[in-house]
Q: 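Pasting a structure here, questions to come.
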Amino acid sequence: MFKIVKREEMSDGTVVLNDIDAPMIARKAKPGQFVILKANETGERIPLTMAATDSEKGTITVIYQVVGKSTALFKTLQVGDGYQDVIGPLGKATHIEKVGNVVCVGGGTGIAVLHPITRALKEIGNHVTCIIGARTKDLLILEDRMKAASNELRVCTDDGSYGHHGFVTDVLKEILEKEKIQLAVAIGPVPMMKFVSLMTKEYNVPTLVSLNPIMVDGTGMCGGCRVTVGGQTKFACVDGPEFDGHQVDYDELTLRLQAYCENEKQCYEEFCIMDS
Amino acid sequence: MAEKATKKEKREKIPRQPMPEQKPKVRAKNFDEVPFGYSQEAAIKEAQRCLQCKKPGCVAGCPVEIDIPGFIQLIKEEKFTESIRHIWQRNSLPAVCGRVCPQEIQCEGLCIVGKKGEPVAIGNLERFAADWERVNGTGALPPKADPTGKKVAVVGSGPAGLTVAGDLIAKGHAVTVFEAFHKPGGVLIYGIPEFRLPKEIVAQEVNFLERLGVTVECNQVVGRTITIDELFEEGYEAVFIGVGAGLPVLLDVPGKNLIGIYSANEYLTRSNLMKAYLFPEYDTPIIQGKNVVTLGAGNVAMDSARTALRLGAENSRIVYRRSRAEVPARTAEVHHAEEEGVEFFFLAAPTKFIGDDKGRVIGMECLKMELGEPDASGRRRPVPIEGSEFELECDLVIVAVGTGANPILTQSTDGLTLNKWGYIQVDEKTAKTTKKGVWAGGDIVTGSATVILAMGAGRIAANSMHDYLNLGW
Ligand SMILES: Cc1cc2nc3c(=O)[nH]c(=O)nc-3n(C[C@H](O)[C@H](O)[C@H](O)COP(=O)(O)OP(=O)(O)OC[C@H]3O[C@@H](n4cnc5c(N)ncnc54)[C@H](O)[C@@H]3O)c2cc1C
Ligand SMILES: Cc1cc2nc3c(=O)[nH]c(=O)nc-3n(C[C@H](O)[C@H](O)[C@H](O)COP(=O)(O)OP(=O)(O)OC[C@H]3O[C@@H](n4cnc5c(N)ncnc54)[C@H](O)[C@@H]3O)c2cc1C
Ligand code: SF4
Ligand code: FES
């Protein structure tokens, strides 16, 4: 069992942070990599990016949004409980390089995924501007940590309850107009990554996105996670999860993410009834 | 003399004992094992059919040279414990092999009785002996050599890895198996369905090794969680790589990424390893097609098409680009599939998949084929017939046209030589790779083959590893 040693709820309890005791993985993990977790015998294998690791304590941090049965089940796990299986580190690490001016754009739990990448990009000497967004103020996560990890932080909310009133792309456009940017990193909901990529393409700014297709094994064995990038089929779990944002077929990804929506709804509703 | 003749006559009159099994209509709706196994009486009767040949064809046909007449004789004498012990000398997974080996092209294919009539049912007898031991045996462990103090790592827990683990633990070495999945067994767990190989049996085989002292570490993706070089740093002196051929081959035709097009690996992993057939009791979902098409005609394709029936398909069809004569699956599987209602479309191949506005597959377009000149594999090459397009309605497609070498381990390990397809090159006599202290065997060397060949390779490697631990590289 992989024990939970710390647990926090954020964003009105819709997002949960776990520090998990997994020394083998903590020793190896690099920014951008993910793990697969399975809560119990009957559980599903769920991929989550490592938002942080501590090789000395031997822990990894995951931050997940509760969206369905499996993440709701994860939410019931308390400190001292654990996951039956944690597998990793999986996927390619982010290529961290000094390029100059970098903009990191994060939405929803994508912010958690973005955090270690932002920090590493800054540590290597880039000037990093971060733009993070949420639907409303209460749903915003990791503001303080993102502030510390970047040189400049801009916050947006869809409803204007905090920071800029509007989408992250508004602020991004402002920055792209003003400064020469060498690299953009966008991690969040698929539409957000799609629109950021469309915009940065206009300005010719290379853009990395992190894709979250449905996975099973996470080791290149099933092909369930396949995405089309530059017209070619790639397996996100081994060739990614990061790809050139200008080349990704977002529409295909959006459809493929819906593959099990009927089953998931059934599963989640039954779980919510049992849990309440 | 006269007595001998009547004995022979009597023996020849015994027909091959049929395997009792679930009725096709019933079993096509459940995941329980199809054959029930021989009763004691049937096994003894079947054993009486064996001629006890001086030069047995069967043994020559067995990749691990089990003393087949020997164990059959012991069944005939009702010495079942002795019989299974006899098999164990050569084959450590008889309950598995009795169920999944392609006997018709191995032992039974060369059985002398089979020259005139039906061959002795060697597979069924092997299964009987193993099952008898599982139910009635004492569970006593075989003897083990004194500890040598040497540590060995086995990467991958398929039949190749399990064989190496079993052989080396018996020789007194400390063995740890590293498995990427959360359950050990390789294809036996994630690929071959419950109705053909109950997972309970695989679990028991692994448990047997654990009782012998083998440590099994799951959730260890070697190359990611730990590398081969790090295993040496941790004090392992010899490493066996048996990671299988787990890379799915997908078809490169338009529409290949529509929802409802699975690799057989994904379909079977969801169903078997993740137990999606028990959804929602288990959390992993699986698409349950009404009109299912499986592409390919190997064991993997039969397993997929039959799983689809059990998951509620009204039509389960196999589309294969060659003809019936080239079907590579075990005869028994093809026969079972047809009995259960799987339809076969020979000499046809898809040219495109058709989807709806939600990105879900609703049909496929195929071309008819004819057989041309023999290709590299010696089989006649299928050639498309121009203008022969036809459409098949389908809401689920399972692509079972082969697998390749997964590079996750080989790319992260220096010093291994790979062939042009990415499989590991080894010395045939020893299973040694080009990296010192590292052996490899099974599907990662040969490409996808069979359980027994993987076990045979494991046996060769284990012997060589033992020599190395005693004598050096
Ligand atoms: C590489 C990677 C990294 C990820 N990192 C994070 C993270 O750090 N934080 C976070 O909150 N989420 C992350 N996700 C998404 C997370 O895995 C899904 O939200 C989760 O699987 C949903 O499961 P569920 O049962 O709770 O919801 P469900 O009801 O099953 O599904 C809700 C939605 O999640 C998606 N989904 C379902 N099953 C899977 C699956 N097995 N794999 C991937 N997506 C699935 C589907 O699009 C579905 O519509 C990541 C996904 C990937 C592939
Ligand atoms: C659906 C199906 C049906 C089949 N039916 C038959 C049949 O009826 N008869 C027959 O004889 N053969 C059959 N086969 C073929 C047979 O199962 C294989 O040839 C055999 O299992 C190969 O054994 P192996 O030990 O080489 O590899 P595998 O059984 O593939 O096991 C390899 C193991 O290594 C693990 N692994 C992979 N990478 C890593 C890594 N980096 N780190 C740690 N672990 C790793 C995998 O998770 C897996 O558990 C079938 C195959 C399939 C897929
Ligand atoms: S070849 Fe057939 S008859 Fe002869 S020993 Fe083998 S099983 Fe018996
Ligand atoms: S998750 Fe199976 S290949 Fe990527």
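Quick note on labels: first sequence line is chain A, next is B, and so on, each numbered from 1. Just so it is clear, the model here is predicted, and its values are computed rather than measured. Values reported hereafter were calculated over all heavy atoms of this structure, with side chains retained and with hydrogens, waters and symmetry mates removed.
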Q: Relative to chain B, which segment of Arg226(A) carries a heavy atom at a distance below 4.5 Å: side chain, backbone, both, or neither?
A: side chain
Q: Between Glu252(A), Arg27(A), Glu264(A), which shows the greatest number of heavy-atom pairs under 4.5 Å with chain B?
A: Glu252(A)
Q: Would you say that more than 12 heavy atoms from the other residues, nucleotides or ligands in this model lie under 6.0 Å from the CD of Glu56(A), or not?
A: no
Q: Testing Val5(A), Leu77(A), Thr59(A), Val62(A) for side-chain contact (heavy atoms from CB on, under 4.5 Å) with Ile20(A), which one passes?
A: Val62(A)
Q: Which of the residues Pro407(B), Gly359(B), Pro285(B), Pro280(B) is involved in the greatest number of heavy-atom pairs with chain A at under 4.5 angstrom?
A: Pro285(B)
Q: Between Lys28(A) and Pro89(A), which heavy-atom pair has the shortest distance, and what is it?
A: CB-CG, 3.7 Å
Q: Measuring heavy-atom distances to chain A, does Ile287(B) have an atom under 4.5 Å in its side chain, in its backbone, in both, or in neither?
A: both
Q: What part of Leu250(B) gets within 4.5 angstrom of chain A, counting heavy atoms only: side chain, backbone, both, or neither?
A: side chain
Q: Is Asn406(B) close to chain A through its backbone or its side chain, or both, or neither, when contacts mean heavy atoms under 4.5 Å?
A: side chain
Q: Looking only at non-hydrogen atoms, find the nearest pair between Ala308(B) and Val292(B) and report the distance.
A: CB-CG1, 3.7 Å
Q: Do Thr219(A) and Asp217(A) have side-chain N/O donor and acceptor atoms under 3.5 Å apart?
A: yes
Q: Check whether Glu230(B) gets within reach of chain A through its side chain, its backbone, both or neither, counting any heavy atom under 4.5 Å.
A: side chain
Q: Measuring heavy-atom distances to chain A, does Ile261(B) have an atom under 4.5 Å in its side chain, in its backbone, in both, or in neither?
A: both
Q: Heavy-atom pairs under 4.5 Å with chain B - which of Gln84(A), Gln258(A), Glu41(A) has more of them than the others?
A: Glu41(A)
Q: With respect to chain B, which residue among Cys222(A), Gly220(A), Ala29(A), Ala259(A) yields the maximal number of heavy-atom pairs within a distance under 4.5 Å?
A: Cys222(A)
Q: Shorter than 4.5 Å, heavy atoms on both sides: which option in Lys38(A), Glu44(A), Met221(A) has the most such pairs with chain B?
A: Met221(A)
Q: What part of Thr269(B) lies closer than 4.5 angstrom to a heavy atom of chain A: side chain, backbone, both or neither?
A: side chain
Q: Under 4.5 Å from any heavy atom of chain B, what part of Leu253(A) do you find: side chain, backbone, both or neither?
A: neither
Q: Between Asn291(B) and Asp395(B), is there a side-chain donor-acceptor contact under 3.5 Å, judged purely by atom types and distance?
A: no
Q: If you take all heavy atoms of Pro159(B) and Gly185(B), which pair is closest and at what distance?
A: CD-O, 4.3 Å
Q: Quick check for you: among Ile25(A), Val86(A), Val238(A), which has the greatest number of heavy-atom pairs under 4.5 Å with chain B?
A: Val86(A)
Q: Among Leu268(B), Asn257(B), Thr225(B), Leu273(B), which residue has the highest count of heavy-atom pairs closer than 4.5 Å to chain A?
A: Asn257(B)
Q: Quick check on Gln288(B) against chain A: is it the side chain, the backbone, both or neither that has a heavy atom closer than 4.5 Å?
A: neither
Q: Quick one: what part of Leu73(A) sits under 4.5 Å from any heavy atom of chain B, side chain, backbone, both or neither?
A: side chain
Q: Do Tyr268(A) and Ser70(A) meet the criterion of a side-chain donor-acceptor pair at a distance under 3.5 Å?
A: no
Q: Indicate the ring-plane relationship of Phe74(A) and Tyr64(A), choosing parallel, tilted or perpendicular according to the 30° and 60° boundaries.
A: perpendicular
Q: Just checking, is any N or O donor in the side chain of Tyr83(A) or Asn18(A) under 3.5 Å from an acceptor N or O on the other one?
A: yes
Q: Specify the closest pair of heavy atoms between Lys75(A) and Arg7(A), including all atoms of both residues, with the distance to one decimal.
A: O-NH2, 2.8 Å
Q: Among Ile87(A), Thr228(A), Asp85(A), which residue has the highest count of heavy-atom pairs closer than 4.5 Å to chain B?
A: Asp85(A)
Q: What about the rings of Tyr236(B) and Phe178(B), do their centers lie closer together than 6.0 Å?
A: yes
Q: Do you see a donor-acceptor pair shorter than 3.5 Å between the side chains of Asp19(A) and Thr61(A)?
A: yes
Q: Does any backbone or side-chain atom of Lys256(B) lie under 4.5 Å from a heavy atom of chain A? Answer side chain, backbone, both or neither.
A: both
Q: With a 4.5 angstrom heavy-atom cut-off, is it the side chain or the backbone of Leu278(B) that approaches chain A, or both, or neither?
A: neither
Q: Given heavy-atom pairs under 4.5 angstrom as the criterion, report whether the side chain, backbone, both or neither of Phe279(B) touches chain A.
A: side chain
